[in-house]
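Index from 1, following the sequence. Values reported hereafter were calculated over all heavy atoms of this structure, with side chains retained and with hydrogens, waters and symmetry mates removed.
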Amino acid sequence: MSDITYIDTNHRRSRAVVAGGTVYVAGHTAQDRTKDAAGQAKDILAAIEALLEQAGSGKDRLLNLTIMLACMDDFNAVNEVYDKWIVEGKAPARCCSEVKLAFPDILVEVTAIAQLR
């Protein structure tokens, strides 16, 4: 049985969990929630990229990514940021949905799953 590594853990959650050669990234929201959806998405994707690197993976190893939007009106703006961020030819399986997020100033939340290097 393989070990499980918990990254940036508190009593309620871990920012990521590494198990069985896979990195599971928790839902991430922007640190600066005064930004529009594109700005929040850019910050979130940068944070996820850093967390994947810390875990021994990278955005070129993404298997699945889920984007949750407070409003689908932001779909195109978030996709513009995402399309520049994703590694060409290595797009993960992806879902993007409108959901009610925890606070009104959270416009975007993203989760990810990636394979270790």
Side-chain angles (χ1 to χ4, degrees):
M1 183 175 276
S2 66
D3 290 331
I4 300 173
T5 302
Y6 301 89
I7 299 173
D8 190 7
T9 300
N10 66 27
H11 73 283
R12 181 170 291 152
R13 60 92 190 117
S14 295
R15 293 267 179 224
V17 175
V18 180
T22 306
V23 182
Y24 302 88
V25 178
H28 273 62
T29 59
Q31 292 288 339
D32 182 356
R33 296 183 195 163
T34 64
K35 294 181 179 181
D36 64 8
Q40 288 189 23
K42 186 174 182 179
D43 290 355
I44 293 164
L45 294 174
I48 288 174
E49 185 172 356
L51 189 56
L52 289 171
E53 292 294 331
Q54 179 184 350
S57 185
K59 65 182 182 176
D60 62 323
R61 308 291 290 173
L62 282 167
L63 302 171
N64 186 278
L65 192 119
T66 300
I67 301 171
M68 294 161 273
L69 300 175
C71 179
M72 285 305 286
D73 290 345
D74 292 324
F75 182 75
N76 290 333
V78 170
N79 275 337
E80 284 184 36
V81 172
Y82 174 82
D83 290 346
K84 291 175 185 171
W85 178 78
I86 199 68
V87 175
E88 187 174 340
K90 296 190 176 189
R94 189 189 109 158
C95 174
C96 183
S97 301
E98 181 177 297
V99 299
K100 184 172 181 169
L101 296 168
F103 299 100
D105 58 349
I106 297 175
L107 305 178
V108 182
E109 184 168 354
V110 180
T111 67
I113 300 171
Q115 187 176 45
L116 291 176
R117 294 198 188 282

Practice problem: Could you tell me whether the side chain of L52 reaches within less than 4.5 Å of the side chain of E49, counting heavy atoms only? | Solution: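 Not touching, per the 4.5 Å side-chain cut-off.
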Exercise. Taking the side chain as every heavy atom from C-beta outward, state whether I67 and V108 have any pair of such atoms under 4.5 Å apart.
Key: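 Contact flag for I67/V108 side chains = yes.
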Self-check item: Side-chain donor or acceptor of Q40 paired with backbone N/O of A30 under 3.5 Å
Solution: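 It does not hold such a pair.
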Quiz item: Rounded to the nearest 0.5 Å, what separation is found between the NZ atom of K35 and the CD1 atom of I44?
Solution: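 Separation between the atoms: 10.0 Å.
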Practice problem: Write down the atom of L51, the atom of A16, and the distance for their closest heavy-atom approach. | Solution: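 It is CD2-CB, 3.8 Å.
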Self-check item: Beyond-backbone contact of E80 with K42, side-chain heavy atoms, under 4.5 angstrom
Solution: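 They are not in side-chain contact.
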Practice problem: Write down the atom of A112, the atom of I48, and the distance for their closest heavy-atom approach. | Solution: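 Scanning both residues, the minimum pair turns out to be CB-CG2, 4.3 Å.
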Quiz item: Below 4.5 Å, heavy atoms only, C-beta onward: do H28 and R15 meet side chain to side chain?
Solution: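 Heavy-atom side-chain distance check passes, below 4.5 Å.
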Exercise. Answer with yes or no whether the hydrophobic clustering places V25 together with I7; edges join I, L, V, M, F, W, Y residues whose side-chain heavy atoms lie under 4.5 Å apart.
Key: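 Yes, because V25 and I7 connect within a single hydrophobic cluster, where side-chain heavy atoms sit under 4.5 Å apart.
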Quiz item: What are the two closest heavy atoms between A77 and A38, and how far apart are they?
Solution: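 Answer, listing the atom of A77 first, then A38: O-CB, 4.0 Å.
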Self-check item: Pairwise distance SG(C95) to CG(N64) - rounded to 0.5 angstrom
Solution: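 Going from the SG atom of C95 to the CG atom of N64 covers 8.0 Å.
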Quiz prompt | Cluster overlap Y82 with M72, hydrophobic side-chain contacts below 4.5 Å | solution =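 Yes; M72 is reachable from Y82 via cluster members.
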Quiz item: Is there a path from F103 to L101 through hydrophobic residues (I, L, V, M, F, W, Y) whose side chains come within less than 4.5 Å of each other?
Solution: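 Yes, because F103 and L101 connect within a single hydrophobic cluster, where side-chain heavy atoms sit under 4.5 Å apart.
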Quiz item: Applying the 4.5 Å side-chain criterion to the ILVMFWY set and letting contacts propagate, would L65 and F75 be lumped into a single cluster?
Solution: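 In one cluster with L65: F75, yes.
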Quiz item: Are side-chain heavy atoms of R13 and D8 found at a separation under 4.5 Å?
Solution: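 Touching, per the 4.5 Å side-chain cut-off.
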Quiz item: Should L69 and V78 count as side-chain neighbours, where that means a heavy-atom distance under 4.5 Å?
Solution: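 L69 reaches V78 side chain to side chain.
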Quiz item: Just by distance, do the side chain of R61 and the backbone of L116 share a donor-acceptor pair under 3.5 Å?
Solution: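 Yes, because the side chain of R61 sits within donor-acceptor range (under 3.5 Å) of the backbone of L116.
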Quiz item: Is there a side-chain contact between V17 and T5, using heavy atoms and a 4.5 Å cut-off?
Solution: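 Side-chain contact under 4.5 Å: no.
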Exercise. For residues S57 and T22, determine if any side-chain heavy atom of one lies less than 4.5 Å from a side-chain heavy atom of the other.
Key: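 Side chain of S57 against side chain of T22, heavy atoms only: no contact under 4.5 Å found.
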Self-check item: Sole candidate of L45, D60, L62 that passes side chain to side chain contact (heavy atoms under 4.5 Å, CB included) when paired with I86
Solution: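 By the side chain to side chain contact (heavy atoms under 4.5 Å, CB included) criterion, I86 pairs with just one of L45, D60, L62: L62.
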Quiz item: With distance as the sole test, does K100 use its side chain to make a donor-acceptor pair with the main-chain N or O of A70 at under 3.5 Å?
Solution: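 The answer is no, because no donor-acceptor pair under 3.5 Å joins these two groups.
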Quiz prompt | Side-chain donor or acceptor of E109 paired with backbone N/O of M68 under 3.5 Å | solution =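 No, E109 side chain to M68 backbone: no donor-acceptor pair under 3.5 Å.
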Practice problem: Mind checking the CG-CG spacing from D74 to L107? Nearest 0.5 Å is all I need. | Solution: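 D74 CG to L107 CG: 6.0 Å, rounded to 0.5 Å.
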Practice problem: Indicate, with yes or no, if W85 and V110 share a hydrophobic cluster defined by side-chain heavy-atom contacts under 4.5 Å among Ile, Leu, Val, Met, Phe, Trp and Tyr. | Solution: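 Yes: a chain of side-chain contacts under 4.5 Å links V110 to W85.
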Quiz item: Where the side chain of E88 meets the backbone of D83, is there a donor-acceptor pair that is under 3.5 Å apart?
Solution: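 No; zero donor-acceptor contacts below 3.5 Å.
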